[in-house]
Structure formats: structure tokens, C-alpha cells
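Down below is the structure, laid out as C-alpha cells.
Chain naming here is simple, since letters A, B, ... match the order of the sequence lines and numbering starts at 1 in each.
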2 protein chains.
Amino acid sequence: MKPQRVTLADVAAMARVDRAVVSRVINKDPTLNIRPQTRERVLAAIDELGYRPNVAARSLRTSRAHMFGLFIPDFANPVYAEIIKGAEAEAAAQGYVLVTGSASGTGMGSGTGLGEYMDRIGQGRIDGLLLAGTGDEPGLIEQLDRAAIPWLMLNNRSRGVKRYVILDDQRAAALAVEHLVRLGHRRIAHLAGPSSADTATRRSAGYSAAMRAAGLPEGPITAADYTPAGGAAAMGRLLAGSERPTAVFVANVASAIGAMEGVRSAGLEIPRDMSIVAVHDLPLASYLYPALTTVRMPLAELGRRGVTLLGSLKPDDTVAEVMAGPIELIQRRSTAPPGERR
Amino acid sequence: MKPQRVTLADVAAMARVDRAVVSRVINKDPTLNIRPQTRERVLAAIDELGYRPNVAARSLRTSRAHMFGLFIPDFANPVYAEIIKGAEAEAAAQGYVLVTGSASGTGMGSGTGLGEYMDRIGQGRIDGLLLAGTGDEPGLIEQLDRAAIPWLMLNNRSRGVKRYVILDDQRAAALAVEHLVRLGHRRIAHLAGPSSADTATRRSAGYSAAMRAAGLPEGPITAADYTPAGGAAAMGRLLAGSERPTAVFVANVASAIGAMEGVRSAGLEIPRDMSIVAVHDLPLASYLYPALTTVRMPLAELGRRGVTLLGSLKPDDTVAEVMAGPIELIQRRSTAPPGERR
DNA sequence: TTGTAAGCGTTATCAC
DNA sequence: GTGATAACGCTTACAA
């Protein structure tokens, strides 16, 4: 019952060596030439005393915190949950701790809350920062650079900043459209995301390219927030048009949920009157009614990759990477040939 | 473009005072008697140089990390997303950083992964630890106590450990049952959670108490994992029984999702043939088909409360708190009087 | 093969 | 009112 902290000195005393030796044993210094029995004594003492190195002292000395930051808009968004999982696993594999902060954990007086997050993080607590789904805030990138903290945007680009890893949203969109074409649809609408979201513009580009490739005219296009409410309103606009489409590619699951509601509340049936396919195969997709056809992309891998890159980023490196990795269409019940019930 | 770190000494030099003075200005030392103009010089220098205190040095000196840990089973579980949000906001309000780790971020060789998390966290990095939805692992609590790190279990109790904050799951369950009774149901089944989950046993107790209070015989009871698959299987057992219930109280949304699928695939209709109500009003509940009636509990508040308590916990304090706060039934379309369509 | 000593950037206790 | 100084616990040349 002694709440005294045990330090290197205690271990050294018990093992009858110098603190330096203990330190080098712990850190597996390859240049250390030590007698096996001495090493044993040290190891035994560490074990006996339950010694654990003090992180603050170590960080101060080495100026490495062994901690990465990850900033996201919202923990409740399952897209980021997947990214976090990958990032955390990779960080752990490297012996790093991941400290994830969200915009919702801040007052958000202005902007994304990134500034407040960085204030709380303080100087010297993290060795790198991943920015997922958030734009930069004016001046913050500069602040990071001045502090020589490597940073990287995940799943999102911003204003010509050349330090990002993104998924191949364009290909994902194309996959979705091709699926609809294959089912026989010709009037394929696009329920796009907000133009402020980088993913939205990439998915829209993919839609356009795929429609062109299929020799089809781009159907009605309308944009909405990545929210159910936005999706429902947008679907209303789509249904009010003169030539009603038979299928729609929705840029995001959240809007798709609203879009489905929009179809139902117009007295129509999915997929008979409207096929729907959306991006990101989140767990909840299979529990919607009807189960939603989606495009799956490697979100967790994106998180992993971000951490990996962060670890090996030089000050002025530029990173513009589109993640390789499987992108697949997960067919469920929300898509069918036009007029069919499924 | 100087990646040099600016330290207290730099500020002191620029303001032509001693480091000690700068330190005391920054920390608003009330015993500091300083000439206004001097303070101005210091503040100006801090601003000019963009000085930010080094966290490692500060931690080493004060042995406070200004960081709390939070360990959860899985980021993808929306229940924890809510808890995190509350905890993060409260931590931020106290000037603390929250470092959330999950079991999925570890190899999970054995147990919950808590051990690996704590290893990575190391000594002196956190001032307190919140354990949400995880049992203790043998020896880990002792390790925390030895290191004098306050800890607290959230939403979960374990083996007679008297340091927890939980929600009033019993009352939540009662609310759900009372709702069904009010609709006219008499054969009300219970799809319980796994007996290993503390929340499950409390919800079951609430079910029993409410049934007794209503003068109804406890309907069939069956247990399942907190997963859709478990819920579907359990619903199968319920439907196979001799006297089919007209309503069921499901301990958890995830199992409820499976249970709904189970009802549908038996060719029955919700709520006409079976009313369903479940615990936790997660966002997705309103997007299920039919929209799920739930009981809402203050999850974010639970997170906040946990952090608040952590901050003021003395070594041998005992905490056994059932959160006050609103618990309400959110009626949607999955419940109706027996035989009615809604 | 092991020990010595300096220093990382702070804060706290004095002294002036 | 402000300055000196000694820790906090660790790593890393370099010395022995």
C-alpha cells in the first residue's frame, strides 16, 4: 500500500547498477554490452518493483510523445468510427497512443473546433495530427508547421493543400452507377452531397463520368446535406420533376436514409418505383427497410494508412494519395430492375 | 520559418524578467504581486513569440497530466459514441484532454484489451481512467490503485466493485413495460441481454418488477447477445412458444433490430402481431422499419458525470451512483394496441 | 562492462 | 516586486 511511484533510481538501486544501465536495458540499446546476469538482475528488479517508465520525463528528454492526434467532426458518425478503429490499431502496433478529439467536444465558437482542440492538446503532447473530414482553419496549419508537427488530411482535401489520403470516391460512384445501368435503368438521378464536402464533389464527378461512359444523359441532380432531413427534402425535389427517374445514386448513407423516407411518404415503393444505392457500407445499411444497396470502401484501412504515413512524414513532404484497396458493391434489396419488386 | 521551439526562457528574455515570473503570470498565481506594466511586457512577449507551454515539462514537474483516459469496447457502438461526447465535453470544460481507447485497438490476446491499453498509456500520462462497459481484468484495478490513478466504472458494475456510475436501467425497463401495459398488452415477453452484462440484469429486474406491479404473469423470457443475430434467434424462440406474446420488451437496440427481422421473416407484422420496445434511443431507431419505440436515457450526461466525479475522487472513495436525469419513452410505430396496425 | 553528468522545460521555495 | 535555484525522471554522450 505505498502509493509512492517507483522510478529508475529505485530499480537501479535494487539491481545494484546505475540508472543509465537500467535505461539502456529497457530501451534495448543495441550498443549496450552487458553481462547476462546483470541484465537478469535489472529485469528482475523491474518486475519486482512493477516499474513503469514515466512518460512525461521520457517525452521531455526525447521530445517525442509517442502519441498521435486524430480530429473528427463527430463520434456519432459511424464513418469516423471505422476510421478510428483502423487508426487506433495501427497506432497501437507502432507503440503509439491515439488521442481522438471531436468538434462536438468543443465550444465551437467558430469554425470546426480544431483550434480549441489544439489548445487543449498543448505543445509537445502529440507527434502528429490526422485531420479527418475537417477542413483546415486559417492559421492552424501554419501553427502545426511552426511546431514541426506532421499532419495529414484524411478522406478530405482542402484548398489546394497537398497533404492528404483519400478514398477512390470517384470509382465508388462509378460502381454504383454501373450497377444501376446493369439493372436496366436509364434515367438515373444523383442526390449529391453538399458542395463544401470534398467527398461529395468526387462522388459527383464519378457519377458524371459513369453516365457518360454508359452513353446516358445525366439525370436530374440535386444536392443535400449529409443528413436524413436533407436527403428527404432532396428526394422530394427529385420526385416533383417532370421526368421521374427510376433510380438514384445517393452520395451518402445518411441522406439515403432520408431519401428512402421521402420515397415512402410519396406513396411509392422501393425498389419498384425507385432504386436507391448509396456510398459507404455501414452496419446499419442492412437494417434499413428495405436493406440498402451500398458501395463498401476500406475506411479502417484509410485510418491505418494515415497513421503509417504520419509516422514517416518529413517536414516538407507532399502527400496526395488515393488509397488502393477493395471497393465493392454490396447488393441488397433497395435496387432492382425498373418496375420490379424484388 | 524557424522550427525552434520557444520556451519560457525565450519569453523571459524578451520581457526582461525571470522565467519564474513568466510562469507565475501564465498560471495566474494569486500570490504574485506584479507591476501592471511588467505583466503587460510578459503577455506581449508570449503573444509575440507564440509561446505555448510544454506539456511534458509541466507534467513532469507537477505530476499532473491534464488528461483523462476512457476505455470502451468498441467505437462503432453508438451507445459509447454518446458517452464519449459527454465525457469529452466535460473534460474540455475542465481543461483536460480525453484519450479514448477501445478493445478493438488492441491485439486482445486475452480479456478486454484493457491491459494493453494501459501499457501503451504508460505511467503518468493520465490523471484518471473511466471504464465504460468493460469489466475489470484481474490485477488491473490493483495496478491503478498502486499508481494512485483514480478510476471509475461507467454504465457497468463488476464483482462487488464499489466505484461506478450507472443509469437507472431498472426504471427504464419499467417505463417500457408500463407503456405496453397501457396499450392493453397482457402477454409481454422479455428479450433479455446476456447475463454477463450488468445492464442486462438491471433491465430484467425492471421488467419483472413492472410486470408484478401490473399484476401480470411474467411472460416468456429469453436471453440473447446484444447483437442483431442474437436478437433474431431469440425472437424465433419466442414465436415458437405455445402462447405467443403480443408484445416484447427488448433489452437493447441491437438485439431489437434482429428481433424485428425475426418477426418479419416469420410472416408476421409489427406492431399488429407483435409490439416491440427497446432500451436506448439511438439516432438509428427512428430509421428502422417500422420506426422503433425506445426508452431514452441520458448517455451523454453519464459521460459528463463520470468525468466530473473522476476529477474529485479521493484514493479510497467509494462511488455507487445511479444517475439522476430524464428517462423518457419515445413512442414510434413499433408499438400499438394488440392487433392494431397503427 | 558499467558509471558520470548534463540537460530536456517547467514550477515552487526561497532569498533579495 | 522580482530573481536564483533546485528539483521532477529520464536519456545519452562520454569517461572509466
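Here the shortest heavy-atom pairing between B:Leu310 and B:Leu129 reads CD1-N, 3.6 Å. Considering every non-hydrogen atom in both B:Lys162 and B:Ala320, the closest pair reads CD-CB, 4.2 Å. The nearest pair of heavy atoms linking A:Leu130 to A:Gly306 is CD1-O, 3.8 Å.
The residue among B:Leu60 and B:Arg16 whose nearest nucleotide of DNA chain D lies closer to the 5′ end is B:Arg16.
Sorted by residue number, the members of residues 36-49 of chain B with any non-hydrogen atom under 4.0 Å from DNA chain D read B:Thr38.
Side-chain atoms of A:Arg125 and A:Ser59 include no donor-acceptor pair closer than 3.5 Å.
With sequence neighbours left out, A:Ala20 forms a side chain to side chain contact (heavy atoms under 4.5 Å, CB included) with A:Asp18. Residues passing the salt bridge (charged side-chain N to carboxylate O under 4.0 Å, His left out) test with B:Arg19, sequence neighbours excluded: none.
Expressed to the nearest 0.5 Å, how far OH of B:Tyr51 lies from CG of B:Leu43 amounts to 13.0 Å. Taking CD1 from A:Ile121 and CD1 from A:Ile149, the interatomic distance works out to 9.0 Å, rounded to the nearest 0.5 Å.
A:Asn156 places a side-chain N or O within donor-acceptor distance of the main-chain N or O of A:Thr134, the cut-off being under 3.5 Å.
Proximity of B:Arg24 to B:Ile34: side-chain heavy atoms (C-beta onward) are nowhere separated by under 4.5 Å. Between A:Tyr80 and A:Leu70 the shortest side-chain heavy-atom distance does not fall below 4.5 Å.
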Between the protein and nucleotides 11-15 of chain D, are there any N/O to N/O pairs under 3.5 Å, and if so, what are the atom names and distances?
| from | atom 1 | to | atom 2 | distance (Å) |
| --- | --- | --- | --- | --- |
| D:dT11 | OP1 | A:Asn27 | ND2 | 3.3 |
| D:dT11 | OP1 | A:Arg58 | NE | 2.7 |
| D:dT11 | OP1 | A:Arg58 | NH2 | 3.2 |
| D:dT11 | OP2 | A:Ser23 | OG | 2.8 |
| D:dT11 | O2 | A:Arg61 | NH1 | 2.0 |
| D:dT11 | O4 | A:Arg19 | NH2 | 3.3 |

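In this pair, B:His66 and B:Tyr96 present their aromatic rings tilted. The plane angle is within the 30 to 60° band.
The residues B:Lys85 and A:Asp74 are annotated as salt-bridged, a charged nitrogen and a carboxylate oxygen being separated by less than 4.0 angstrom.
The phosphate of D:dG9 has neither OP1 nor OP2 within less than 4.0 Å of any side-chain N or O from A:Asn54.
The bend of the helix from C:dT1-D:dA16 to C:dC16-D:dG1, defined by the angle between the axes of its first five and last five pairs, stands at 40° to the nearest 10°.
Counting 5' to 3', DNA chain C first comes under 4.0 angstrom of a heavy atom of chain A and last does so at the ends given by C:dT1 to C:dG9.
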